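Down below is the structure, laid out as structure tokens.
Quick caveat: nothing in here was measured; it's all calculated off a predicted structure. Atoms within each ligand, like the ligands themselves, are counted from 1 in listed order. Atom set for the values below is all heavy atoms of this structure, side chains included, hydrogens, waters and symmetry mates excluded.
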Amino acid sequence: MQFHPASLAEPWWKRGVVYNLYPCSYMDTNGDGWGDIAGIRARLDHLVGLGIDAIWMSPVYVSPMKDFGYDVVDHTAVGAQFGTLAEMDGLIADVHARGMKLMIDFVPNHTSDQHPWFLESRSSRDNPRADWYLWRDPASDGGPPNNWRSLFGGSAWAWCEERGQYWYHAFLAEQPDLNWRNPAVAHAQHDVMRFWLARGIDGFRVDAMWHLLKDPHWRDNPPNPDFRPGEPAIRQFLQIRTADLPETVEVVCGLRRVLDEFPDRAMIGELYLDYDRMCAYYGPTSDGCNLPFNQHLIMDPWRAEVVARGIETYEAALPAGAWPNWIFGNPDNPRVASRLGPAQARVAAVFLLTARGTPILWQGDELGLENGVVPPERVRDPQEKREPGLVDHNRDIARTPMPWDGSRFAGFSTVEPWLPLTEDHATVNVAAEEADPRSMLTLHRRLIALRRAHPALAIGAVTVLCGANDVLAFERRHGTEVFVVALNLAHAPRTVALPPAAGGRIALTSGLDRGGESVGETLCLGPDEAVVIAVAG
Ligand code: NOJ
Ligand code: CA
């Protein structure tokens, strides 16, 4: 079955590659060990060389940094450690001058507890912003009003002496959740969007999109029968009252209407949901989120059957006109090169950049960075501090600074950075990989260039050809142009019958070899090898 051919006139967020840039760890220019906006501007050439189309930049707002920028004190100002609003304007101009787009993180679900809105809201039960957050009276025993838990461990309710009430926080207590059922909150946050859109920002990555609404009757979450010890405590309960409420999509459509007041903008949305629920966020008539995150390559096992079934399930669930996306890494999960191993990370890169759907590439994955080693005394992540020792639960390990070169602080800073550098930074860094024709960076550059040059790879239709015996294969087609992509997910050779590839020539492999080789009806794949075959066109 062939899925949804697309036209050439597709917008940038469908055609292009999105790069998730993490400002704290990109480049430090003032020697305080933290990345800054001046650093991003100084290192834009890396992104130009890579060939990406759009940057999604994690938060640089004014913030006490309890959750590294996701605790916002002022949505329309830049935190001093990152720079100034004027520098932000300069960054927008620089990015645009290089033909790229700049999307920023938008954090609608919660603010910092230091935000003026919250300071006012917590001051009494009858101030003008009394209903801007989620306030509840204590239970009869004086304890929290229900069993809702924080994603970062413990109760999701924090006590406020002034009001004699609890406030709800899905994340840290210092990140109180806003009350999105209050129209004044929606108006205020819509104005934040307009502020940035008017400055030239090309769109948003909407944080915690599936958390925006909670049960209006404040009912308990039911126990999760599948909970296993060692998992984050939040998983003890199914989050049916606190996340992914069906009416959340209406809020998302409201965000989209604001976005559409400005031409050619886009919204990507954070969610961790199965294909069916995820696709609801596109909106009933594709009038919701342009790209609700597909996190299945992070959540699911890396197996040919699973990914093949995933593509077909996803394509079948997409509403008319909706466009997929694929993600292997983000600032909240262990690195793909550590999860799958370095050899399969190259296979994963081939999948990401040849699949039908916008690739969202996490900073450092283009270098094949592995998880950092963060000793207990250097842990920064509040999640790790509140629930130490859980498997795959330390977010610092994916957030280590970019290694630019082989110097002492890897060209990232002149001092010890806020998080340790990756241990192999003397050899695994941008400069070394630029000089290496077989490096992970070279592979990414070649793949992105190929995708850009061929509409079949960028916007073509997809047909799954094989999802068995460790081989995932699919066809991409646009007009007369046809490519076949075959991935070996095993560490041993595999042979696969692939008649649709017959007569084609190898355009690129994960090992950056075999270029030009002609292909018959049977394809031999080396261990951990992925092959892109140009068949026609
Ligand atoms: C998702 C962000 O990616 C994560 O880093 C943050 O802690 C939570 N949302 C809360 O804002
Ligand atoms: Ca700095």
* Asked: Do His75 and Trp117 have their ring centres less than 6.0 Å from each other?
  -> yes
* To do: Please determine if the Ca ion (ligand 2) has an N/O/S atom from Trp34 lying under 3.0 Å away.
  => yes
* Asked: With a distance cut-off below 6.0 Å to the six-membered ring centre and an angular limit of 45° from the axis, does Arg136 pair with Trp157 as a cation-pi contact?
  -> no
* **His425 and Asn429: side chain donor to acceptor below 3.5 Å** => no
* Going by heavy atoms, is Lys66 under 4.0 Å from ligand 1? -> no
* 3.0 Å cut-off met by an N, O or S atom of Gln81 to the Ca ion (ligand 2) -> no
* Measure Phe152 to ligand 1 on non-hydrogen atoms and call it side chain, backbone, both or neither using the 4.0 Å cut-off. => side chain
* Just one of Asp105, Ile37, Ile40, Asp36 clears the side chain to side chain contact (heavy atoms under 4.5 Å, CB included) bar with Pro23, so which one? -> Ile40
* To do: Run the contact test for Gln383 against ligand 1 with a 4.0 Å cut-off on heavy atoms, strictly below, and give the result.
  => no
* Would you tell me which option among Asp207, Leu172, Asp71 has the nearest heavy-atom contact to atom 1 (C) of ligand 1? => Asp207
* Kindly indicate whether a cation-pi arrangement holds for Arg339 with Trp302, taking the cut-offs as under 6.0 Å to the six-membered ring centre and within 45° of the axis. => no
* Can you sort out which atoms of ligand 1 are near His110, meaning under 4.0 Å from one of its heavy atoms? => 10 (C), 11 (O)
* Asked: Do Ser121 and Trp135 meet the criterion of a side-chain donor-acceptor pair at a distance under 3.5 Å?
  -> yes
* Structure fact -> Numbered in order shown, the ligand 1 atoms found under 4.0 Å of a heavy atom of Phe171 are 8 (C), 10 (C)
* Can you name the N/O/S atom of Asp32 that is nearest the Ca ion (ligand 2)? -> OD1
* Salt bridge between Arg395 and Glu384, side-chain N to carboxylate O under 4.0 Å? -> no
* Asked: Which residue and non-hydrogen atom of the protein lie closest to atom 6 (C) of ligand 1, and at what distance in Å?
  -> Asp67 OD2, 3.4 Å
* **Arg399 and ligand 1 - part of the residue with a heavy-atom distance under 4.0 Å** => side chain
* Asked: Name of the Asp36 N, O or S atom nearest the Ca ion (ligand 2)?
  -> OD2
* atom 3 (O) of ligand 1: nearest protein contact (heavy atom, Å) -> Asp332 OD2, 2.5 Å
* With heavy atoms under 4.0 Å as the rule, classify the contact between Arg205 and ligand 1 as side chain, backbone, both or neither. => side chain
* **Atoms in ligand 1 flagged as close to Glu270, the criterion being non-hydrogen separation under 4.0 Å** => 1 (C), 3 (O), 9 (N)
* Cut-off 3.5 Å, side chains only: do Glu161 and Trp159 have a donor facing an acceptor? -> yes
* Can you sort out which atoms of ligand 1 are near Arg395, meaning under 4.0 Å from one of its heavy atoms? => 4 (C), 5 (O), 6 (C), 7 (O)
* Establish, from distance only, whether the side-chain atoms of Asp365 and Tyr19 form a donor-acceptor pair under 3.5 Å. => no
* To do: Starting from the Ca ion (ligand 2), look over the N/O/S atoms of Asp28 and name the nearest one.
  => OD1
* **Over 12 foreign heavy atoms within 6.0 Å of CD, Glu423** => no
* Side chains of Thr358 and Trp323: donor-acceptor distance under 3.5 Å anywhere? -> yes
